[in-house]
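All ligand and atom numbering here is 1-based and tracks the order in the structure.
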Amino acid sequence: MSQLPFPESFNLVFFGGTGDLVTRKLLPAMYQCHKNGQLVESGRLYCLGRQNYTRDEYLAIVEDKARQFVPKADWDDDVWTAFSERLSYDKIDAERPDEYELLKQRLADSPAEVTVFFLSVAPSLFAVICTNLARQGLNGPNCRVVLEKPLGHDLASSNAITAEVGKHYQERQVYRIDHYLGKESVQNLMALRFGNALFEPLWRRMWISNVQITIAEDVGIGSRGGFYDGTGALRDMVQNHLLQLLCFVAMEPPASLDSDAIRNEKLKVLECLVPFTEEDVHAKTVRGQYRAGVSGGHPVAGYLEEKNIPADSKTETFVAIKAEIANWRWAGVPFYLFTGKRLPTRLAEIVIHFHDVPHHIFPLPSSGSRAPSKLVIRLQPDEYIRLYLNAKAPGNSMELQPVSLDLDFAGKFKTRRAEGYERLLLDTIRGNQALFVRQDELELAWRWVEPVLNTWASDPSGPKPYAAGTWGPSASSALLSRDGFGWHDEG
Ligand code: BG6
């Protein structure tokens, strides 16, 4: 994560140039980097896609998208015009080796210190694209390849991708994106933990009772039915984003910000995750599927009524999991992971629940218990850190009430908060792998989720239904209440 020097020139090649990710996220992110003066003048962007567009036609399409996806306050016509000078478009059939000659020529016409190939395509194309690039010699030491998830469907398919890509690119040339790691708030978690001595002594089983990590979405699956039904929430969110967040919460302090120093510590956490037996899967996981309900005040369809979803689909749109880490720091501390679509709101947060005091000297409320202290790290939509403590309520009695110490990042730092992809794209150009997933991490993450996938696949009962606009099946609250905990509700 340390600041490596930015190269004097770069070529960034997007495969899947007409796809959603490139037009809605990646090009708007590069526009922001350009606007902020973070790109060297000689940086070029080559977009490749299957459609037969001229450069002008392509530019019109991406400008239209960028206008929708760049916040109004950041849009500037002149800046866009200057940015678009960097862009070109070529049609390519990625499966045909001969079609790479044009790309090779284009890159040879503007040689650069670094060339990054961003594969925003179906994973079934990763191997063939890497092979075809290598045939043209586009895999030398100054070339990097960026892979977007899903990185496989299970352990075997993920390993197959690794092996194929590995035939042409070394691990230090491979950048596996998990866009959650590009979020400022996730990097802030590192700052909180390792930039302050305060939390370190408390950050362990002696003082922490449980950890809850939630990524909730209010949206449904939208137009992604075809992709989503073969994927489900466990593969889409848990295997990657949630496990990565868990690693950042649980890892030991790395010795430095070096890519491998950080990734070695994350790997150790993944190695210590307690594997699931079939029995555990029944006891410690809950899967759900949304039914028709109300979202944002409007009636919405259930998952089975969405486009391209078979009427008998058993794909989960909600997952709750109790994970455990078998090491000295965390043994016995449950990490509850939650994610779902069509939940009441969009939010991502990590909540660290501390133990209660060992002996109560203050009067307890009529409920008979008082909430122990907790630390809420809100990642989105707003970004804050909130430490809940018990304080004396004003008055003559010694009753306590929860109060919070708040650090609101938007209020504190007036500068614009960059989108995750901005940081990650700059890192691929700079050659910083700290926020990218290493092959061994990926493999362990798949190893851990696979028994869950297999047990679910052989269990005819399928996911539990929940109404759109609610917090998922009631069984997920039971997962916590059985252990004597409640789900954190920030309200
Ligand atoms: C993606 C998933 O990786 O993350 C999507 O494929 C999900 O299904 C998205 O909606 C959530 O990302 P964010 O940054 O909007 O929370």
Side-chain angles (χ1 to χ4, degrees), residues 16 19-26 28-29 32 68-71 118-123 146-153 158 175-189 213-246 248 287-290 295-296 300 303 306-309 313 315-319 337-350 377-383 409 417-425 435-437 442 445-446 449 463 468 472:
D20 256 11
L21 185 69
V22 173
T23 55
R24 292 163 58 149
K25 296 273 189 192
L26 303 180
Q32 294 280 17
Q68 295 168 43
F69 290 97
V70 171
F118 195 120
L119 275 45
S120 175
V121 294
V146 186
L147 306 178
E148 251 299 330
K149 66 182 262 284
L151 288 162
H153 192 72
S158 167
Y175 289 67
R176 297 178 191 85
I177 282 216
D178 183 315
H179 78 276
Y180 261 73
L181 303 192
K183 293 184 194 276
E184 283 271 340
S185 45
V186 176
Q187 294 149 45
N188 236 318
L189 176 56
I213 308 181
T214 304
I215 304 180
E217 296 183 277
D218 51 353
V219 292
I221 53 152
S223 55
R224 296 165 79 215
F227 157 76
Y228 196 88
D229 199 57
T231 305
L234 189 71
R235 291 185 179 94
D236 192 38
M237 302 295 287
V238 179
Q239 187 271 345
N240 30 68
H241 308 320
L242 278 162
L243 274 186
Q244 285 291 324
L245 294 182
L246 175 145
F248 273 92
R287 56 179 163 153
Q289 191 185 68
Y290 64 83
S295 176
V300 291
Y303 179 73
E306 302 274 21
K307 210 168 147 217
N308 294 328
I309 302 300
S313 169
T315 299
E316 79 286 353
T317 60
F318 174 96
V319 176
L337 311 180
F338 299 93
T339 186
K341 302 232 181 248
R342 282 285 184 233
L343 300 184
T345 187
R346 172 175 185 255
L347 75 86
E349 69 185 10
I350 297 167
I377 302 156
R378 175 65 73 93
L379 311 178
Q380 63 187 32
D382 32 6
E383 286 179 46
F409 289 108
R417 315 283 290 163
E419 286 289 325
Y421 277 113
E422 294 171 40
R423 166 71 198 249
L424 295 174
L425 284 164
L435 297 176
F436 295 83
V437 179
L442 176 70
W446 274 120
V449 298

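Of all the heavy atoms of Tyr228, none lies under 4.0 Å from any atom of ligand 1, so neither backbone nor side chain is involved.
Partners of Arg24 by salt bridge (charged side-chain N to carboxylate O under 4.0 Å, His left out), not counting sequence neighbours, listed by chain and number: Asp20.
Taking a cutoff of 4.0 Å between a charged side-chain nitrogen and a carboxylate oxygen, Arg346 and Glu217 do not qualify as a salt bridge. A salt bridge links Glu383 and Arg417; the closest N-O separation between the charged side-chain nitrogens and carboxylate oxygens is under 4.0 Å.
Around atom 5 (C) of ligand 1, the closest heavy atom drawn from Gln380, Arg224, Glu217 belongs to Arg224. Of the candidates Lys25, Lys149, Arg235, it is Lys149 that places a heavy atom closest to atom 1 (C) of ligand 1.
Of the protein's heavy atoms, His179 CE1, 3.3 Å lies nearest to atom 4 (O) of ligand 1. Nearest protein heavy-atom contact of atom 16 (O) of ligand 1 is Tyr180 OH, 2.5 Å. Among protein heavy atoms, atom 15 (O) of ligand 1 sits closest to Arg346 NH2, 3.3 Å.
Listed by number with element, the atoms of ligand 1 under 4.0 Å from a non-hydrogen atom of Lys341 are 5 (C), 7 (C), 8 (O), 10 (O). Atoms of ligand 1 found under 4.0 Å from any heavy atom of Asp236 (numbered from 1 in listed order, with element): 2 (C), 5 (C), 6 (O), 8 (O).
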Which side-chain N or O atoms in residues 146-153 pair as donor and acceptor under 3.5 Å with protein atoms at least two apart or in another chain?
from   : atom 1 : to     : atom 2 : distance (Å)
Glu148 : OE2    : Tyr421 : OH     : 2.6
Lys149 : NZ     : Asp236 : O      : 3.0
Lys149 : NZ     : Asp236 : OD1    : 3.1
His153 : NE2    : Arg235 : NH2    : 3.4

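Across all non-hydrogen atoms, the minimal contact from Gln239 to Ala445 is O-CB, 3.5 Å.
Here the side chains of Leu424 and Leu435 are in contact, with some heavy-atom distance below 4.5 Å.
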